[in-house]
Amino acid sequence: RWQHGEVAKGGSRSVIPVRIVAVAAIGLAICATAVNIRATWRAAHRSRTMPFRVIPDWPQLIQGGQTVGAPAAKTELIEFIDYQCPACRDMWTRTAQLLSTYPRELRVVVHFAPSPAHPMALPAALAAECAGRQRHFVDYNKRLLDTGILPETISWTAVAAQSGVPDTAAFATCLRDSVAMSTIRADRAMEVRLGARGTPTWLVDGEVYDGLPWDFSAIVARHVRAR
């Protein structure tokens, strides 16, 4: 009779340690698990990782905003941002790459959604809006997002001068202007109507997304190519 851990070989017995058999079985199990994980990862990355909701009448809900890119572009990407939101900075880095890839096909419209939890977000939004009134939103927006953490000692007027804003006196007046503040409030109201859950919130062709998915650029590019 064969004993536990033994096999017959040429009429004689050859002992195979039980430990070797166990290690081999564990190795096969690990390989099978790795294959399953890889298959699951591929399946997940073939589809969108973030749900979205569709708002067919979005053109009636959203007006105004600061435009970046070709005004006549067929695809419009709308972004609601907070200048103290790290994900918003990451999204803008990817947005800039998309604008570089599709300079004539894509335009971006920025709206402001400063969180009450971020003390520098509202004054930053006001400053960007005031720079936009002198057609220098693009440069001002880039400087704010490139700065990262906004210090409490920041001079909005100094940033305006660095961004090429021609009339810094008018810019300083705009910072205290109730009209500029009403623009920020209107943006916040639009964000609420969209049912946004925070920043960044963005939409393209009526698809509204909350947050920044890993495939943000692929989603936008899909809409650009569909035009």
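One is the number of the first residue; the rest follow in order along the sequence. Everything quoted here is computed from the prediction, not taken from an experiment.
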A.B. asks: Would you say Leu99 and Val68 make side-chain contact, with heavy atoms under 4.5 Å?
C.D. replies: yes

A.B. asks: One pair to check against side-chain contact (heavy atoms from CB on, under 4.5 Å): Met181 and Leu122. What are the steps and the verdict?
C.D. replies: CA-CA 9 Å; Met181 179 62 79; Leu122 176 57; 4.0 Å; yes

A.B. asks: Among residues at least two apart in sequence or on other chains, which ones pass side-chain hydrogen bond (donor to acceptor under 3.5 Å, both in side chains) with Glu76?
C.D. replies: Arg107

A.B. asks: Do side-chain atoms of Arg53 reach the backbone of Leu194 as a donor and acceptor pair under 3.5 angstrom?
C.D. replies: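 Confirmed, Arg53 side chain pairs with Leu194 backbone.
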
A.B. asks: I'd like to know whether Met190 forms a side-chain contact (heavy atoms from CB on, under 4.5 Å) with Ile62, so could you lay out the CA-CA distance, the side-chain angles of the two residues, the decisive distance to 0.1 Å, and finally the verdict.
C.D. replies: CA-CA 6 Å; Met190 283 184 257; Ile62 303 174; 3.9 Å; yes

A.B. asks: Do any pairs count as a ring-ring contact (aromatic ring centres under 6.0 Å, His included) and have a residue in residues 78-102, sequence neighbours left out, and if so which ones?
C.D. replies: Phe80-His111

A.B. asks: Group every Ile, Leu, Val, Met, Phe, Trp and Tyr by side-chain heavy-atom contacts under 4.5 Å, then state whether Leu98 and Val108 land in the same group.
C.D. replies: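 Both belong to a single hydrophobic cluster.
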
A.B. asks: Just jot down the salt bridge (charged side-chain N to carboxylate O under 4.0 Å, His left out) partners of Arg227, sequence neighbours excluded, or say none.
C.D. replies: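 For Arg227, the residues satisfying salt bridge (charged side-chain N to carboxylate O under 4.0 Å, His left out) (neighbours in sequence not counted) are Asp205.
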
A.B. asks: Testing the basics here: between Ile81 and Cys88, what is the closest heavy-atom pair and its distance to 0.1 Å?
C.D. replies: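 Distance-wise, the nearest heavy atoms are CA-SG, 3.9 Å.
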
A.B. asks: Does Gln60 CD have over 12 foreign heavy atoms under 6.0 Å away?
C.D. replies: yes

A.B. asks: Apart from Val192 itself, what residues make up its hydrophobic cluster, given side-chain heavy atom links below 4.5 Å?
C.D. replies: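 ILVMFWY cluster around Val192 holds nothing else.
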
A.B. asks: Under the side-chain contact (heavy atoms from CB on, under 4.5 Å) test, which residues partner Thr101, sequence neighbours left out?
C.D. replies: none

A.B. asks: Does Phe112 have any ring-ring contact (aromatic ring centres under 6.0 Å, His included) partners at least two apart in sequence or in another chain, and if so, which?
C.D. replies: none

A.B. asks: Nearest heavy-atom pair of Ala121 and Ser115: which atoms, and what distance?
C.D. replies: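 That would be CB-N, 4.2 Å.
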
A.B. asks: Over all heavy atoms of both residues, which pair between Leu144 and Ala124 is shortest? Give the atoms and the distance, please.
C.D. replies: CD1-O, 3.7 Å

A.B. asks: State yes or no: do Trp58 and Val110 share one hydrophobic cluster built from I, L, V, M, F, W and Y residues joined by side-chain heavy-atom distances below 4.5 Å, directly or via other members?
C.D. replies: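 Cluster IDs for Trp58 and Val110 differ.
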
A.B. asks: Identify the heavy atoms of Ala196 and Thr201 that sit nearest to each other, and give their distance.
C.D. replies: CB-OG1, 3.3 Å

A.B. asks: Among all residues two or more places apart in sequence or in another chain, which pass the salt bridge (charged side-chain N to carboxylate O under 4.0 Å, His left out) test with Arg197?
C.D. replies: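 So Arg197 forms a salt bridge (charged side-chain N to carboxylate O under 4.0 Å, His left out) with Asp210.
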
A.B. asks: In the structure I gave you, are the side-chain heavy atoms of Pro103 and Glu105 within less than 4.5 Å of one another anywhere?
C.D. replies: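 Yes. Closest side-chain heavy atoms under 4.5 Å.
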
A.B. asks: Let me check something: do Val138 and Leu126 share a hydrophobic cluster, defined by ILVMFWY side-chain heavy atoms less than 4.5 Å apart, either directly or through other members?
C.D. replies: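 Yes, one cluster joins them.
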
A.B. asks: Side chains of Thr199 and Glu191: closer than 4.5 Å at any heavy-atom pair?
C.D. replies: yes

A.B. asks: For residues 156-207, pull every pair meeting ring-ring contact (aromatic ring centres under 6.0 Å, His included), keeping only residues two or more places apart or in separate chains.
C.D. replies: Tyr140-Phe171, Trp202-Tyr209, Trp202-Phe216

A.B. asks: For the pair Met120 and Glu152, evaluate side-chain contact (heavy atoms from CB on, under 4.5 Å) and give the outcome as yes or no after the intermediate values.
C.D. replies: CA-CA 7 Å; Met120 301 299 290; Glu152 294 183 2; 4.2 Å; yes

A.B. asks: Going only through I, L, V, M, F, W and Y residues with side-chain contacts under 4.5 Å, is there a path from Val109 to Phe137?
C.D. replies: no

A.B. asks: Under the rule for side-chain contact (heavy atoms from CB on, under 4.5 Å), what residues qualify as partners of Pro151, not counting sequence neighbours?
C.D. replies: Thr147, Thr153, Ile154

A.B. asks: Which atom names give the shortest non-hydrogen contact between Leu145 and Arg89, and what distance separates them?
C.D. replies: O-CD, 3.2 Å

A.B. asks: Would you mind reporting whether Ile219 and His223 have side-chain heavy atoms less than 4.5 Å apart?
C.D. replies: yes

A.B. asks: For residues 162-227, pull every pair meeting disulfide bond (SG atoms under 2.5 Å apart), keeping only residues two or more places apart or in separate chains.
C.D. replies: Cys130-Cys174

A.B. asks: May I ask you to decide if Ile184's main-chain N or O and Arg188's side chain share a donor-acceptor pair within less than 3.5 Å?
C.D. replies: no

A.B. asks: Do any side-chain atoms of residues 162-169 form donor-acceptor pairs under 3.5 angstrom with protein atoms, and if so which ones, sequence neighbours left out?
C.D. replies:
{"from": "Ser163", "atom 1": "OG", "to": "Val159", "atom 2": "O", "distance (Å)": "2.8"}
{"from": "Asp167", "atom 1": "OD1", "to": "Ala169", "atom 2": "N", "distance (Å)": "3.2"}
{"from": "Asp167", "atom 1": "OD1", "to": "Ala170", "atom 2": "N", "distance (Å)": "3.0"}

A.B. asks: Applying side-chain contact (heavy atoms from CB on, under 4.5 Å), run through Ile55 and Leu203 and close with a yes or a no.
C.D. replies: CA-CA 9 Å; Ile55 301 182; Leu203 64 154; over 6 Å; no

A.B. asks: Quick one: pull up CG in Leu106 and OG in Ser100 and give me the separation to the nearest 0.5 Å.
C.D. replies: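 Atom-to-atom, Leu106:CG and Ser100:OG are 11.0 Å apart.
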
A.B. asks: Please report the closest heavy-atom contact between His136 and Gln134, naming both atoms and the distance.
C.D. replies: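 Scanning both residues, the minimum pair turns out to be ND1-O, 2.9 Å.
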
A.B. asks: If we count only N and O atoms by modelled type, under 3.5 Å, do the side chains of Thr95 and Glu79 hold a donor and an acceptor together?
C.D. replies: yes

A.B. asks: Got a sec, which residues hit salt bridge (charged side-chain N to carboxylate O under 4.0 Å, His left out) with Arg94, two or more places apart in sequence or on another chain?
C.D. replies: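 Once residues adjacent in sequence are excluded, Arg94 has no partner under the salt bridge (charged side-chain N to carboxylate O under 4.0 Å, His left out) criterion.
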
